[in-house]
Amino acid sequence: MREDTGRRPAPRLAIIVPCRNEEEALPATDSALRSLLDKMEACGEMAPGSFLLYVDDGSTDDTWRVIRGLSGSRAKGIRLSRHCGHQEALMAGLEETVDEADACVTVDADLQDDISVIPRMVSLYRDGAEIVYGVREDRASDSWFKRTSAKAFYGTMQSLGAESVGNHADFRLMGRRAVADLLEYGERNLFLRGIVPLLGYRQEQVGYRRGERTAGTTKYPLLKMLDFAANGITSFSVRPVRMLLVLGLLFMFTAFCIFVYVMIRHFSGDTIEGWTSLMLSIWFCTGVLLMGLGIIGEYIGKIYIEVKRRPRYRVSEKT
């Protein structure tokens, strides 16, 4: 933690916006963000030269054409060579801006995250915080299923020993020092919600209420959300594998108890004919074994991806 004797000067701010098929939402998003930057600069809350960076994550519509049209003195864009994923797009934006900005804010293009709290984030940064999380105050706008699954996900992450901030997505401010440290993490299975808390430094939170999407459709359907959750859990905890060991020991103990029971019944001459219990045991134990192999395979697959050390993304074009 760094001690500050006074407030930091107004930072040169970069707002990073990952985009994937967001041609409908971008004009309104750009207008809102430009207005915010103009207001903050006029109030002296940020330094001149602050800018927007749009990262096109392999869009298949006219998103890149829209970004090129929006680029100028206040905004610019980079285009990834293919669709690499939301987390990779964020890392590409952070790497692009680390040498140009004192602090970076990451926010999704749909503007469901309340950008009006960005000045509060900057104020906390100037007071000495290196990382400021945007945290949802409630999930009233979500469906019952999404609220329940989100609560289960964050609870699972905590119980498995992975550091995470509840009800926080990827809406955050990071100072240049924190961004530089984050870029040193070389893993390919990115889960920034788990990595960023590991950086340390002084970390703060600001609450906000999530709004409705301005345009377009969600880029996180159910299957993608489940994949994202599985990646987060297996990237930051080995407890699922340890749980398999405990489960195996439990089954061995149960098998020993059944053996003792069967032998007693056998020598007492009270044997039970039938195959129901046998079949149930076989199916249940087989299911547990397959589940265990699946969990171990998930970890082996991640090792396979990591050891190849392939680039996480390629930038094909810049404005």
Under 6.0 Å between ring centres, would you say that holds for Y208 and F171?
yes
Side-chain contact test, heavy atoms from C-beta onward, threshold under 4.5 Å: evaluate it for L182 versus L192 and give yes or no.
yes
Look only at the side chain of D56 and the backbone of S59, and say whether a donor-acceptor pair between them is shorter than 3.5 Å.
yes
Which atoms form the tightest heavy-atom contact between C19 and T63, and what is the distance?
CB-CG2, 3.9 Å
Do Q203 and Y133 pair up side chain to side chain, a donor and an acceptor below 3.5 Å, judged on atom types alone?
yes
Is there a donor-acceptor pair under 3.5 Å between the side chain of R126 and the backbone N or O of R8?
yes
Can E100 and K76 be counted as an ion pair, charged N to O under 4.0 angstrom?
yes
For Y54 and D30, test the side chains for any donor-to-acceptor distance below 3.5 angstrom and give the result as yes or no.
yes
All side chain to side chain contact (heavy atoms under 4.5 Å, CB included) counterparts of P9, not counting sequence neighbours:
none
Taking the basic N atoms (NZ, or NE/NH1/NH2) and the acidic carboxylate oxygens, is any pair closer than 4.0 Å for E41 and R74?
yes
Under a 3.5 Å distance rule, please check whether T29 uses its side chain to pair with a backbone N or O of A109 as donor and acceptor.
yes
Would you mind checking if R7 and D127 are paired as a salt bridge, meaning a charged N to carboxylate O distance below 4.0 Å?
yes
Please answer whether the main-chain N or O of A47 pairs with a side-chain N or O of S50 as donor and acceptor at a distance below 3.5 Å.
yes
Taking side chain to side chain contact (heavy atoms under 4.5 Å, CB included) as the test, write out the residues that go with S73, two or more places apart.
none
Whether S31 side chain and P27 backbone form a donor-acceptor pair below 3.5 Å
no
Closer than 3.5 angstrom, by distance alone: can the side chain of E130 be matched with the main-chain N or O of A178 as a donor-acceptor pair?
yes
Note: D181-R177 ion pair, threshold 4.0 Å (strictly below)
no
Looking only at side chains, do D38 and S35 share a donor and an acceptor under 3.5 Å apart?
no
Minimum side-chain heavy-atom gap I118-M40 below 4.5 Å:
yes
Evaluate the criterion side-chain contact (heavy atoms from CB on, under 4.5 Å) for residue pair V17 and L53; output intermediate values, then yes/no.
CA-CA 6 Å; V17 186; L53 174 67; over 6 Å; no
Should R20 and D57 count as an ion pair when the cut-off is N to O under 4.0 Å?
no
With respect to V132, which candidate in M174, Q205, R172, M121 satisfies the side-chain contact (heavy atoms from CB on, under 4.5 Å) definition?
M121
Charged N to carboxylate O below 4.0 Å: is that the case for E317 and R68?
yes
Evaluate the side-chain proximity of L173 to L13: yes if any heavy-atom separation is below 4.5 Å, no if none is.
yes
Any pair counted as salt bridge (charged side-chain N to carboxylate O under 4.0 Å, His left out), so long as it reaches residues 84-99, sequence neighbours left out
E96-K318
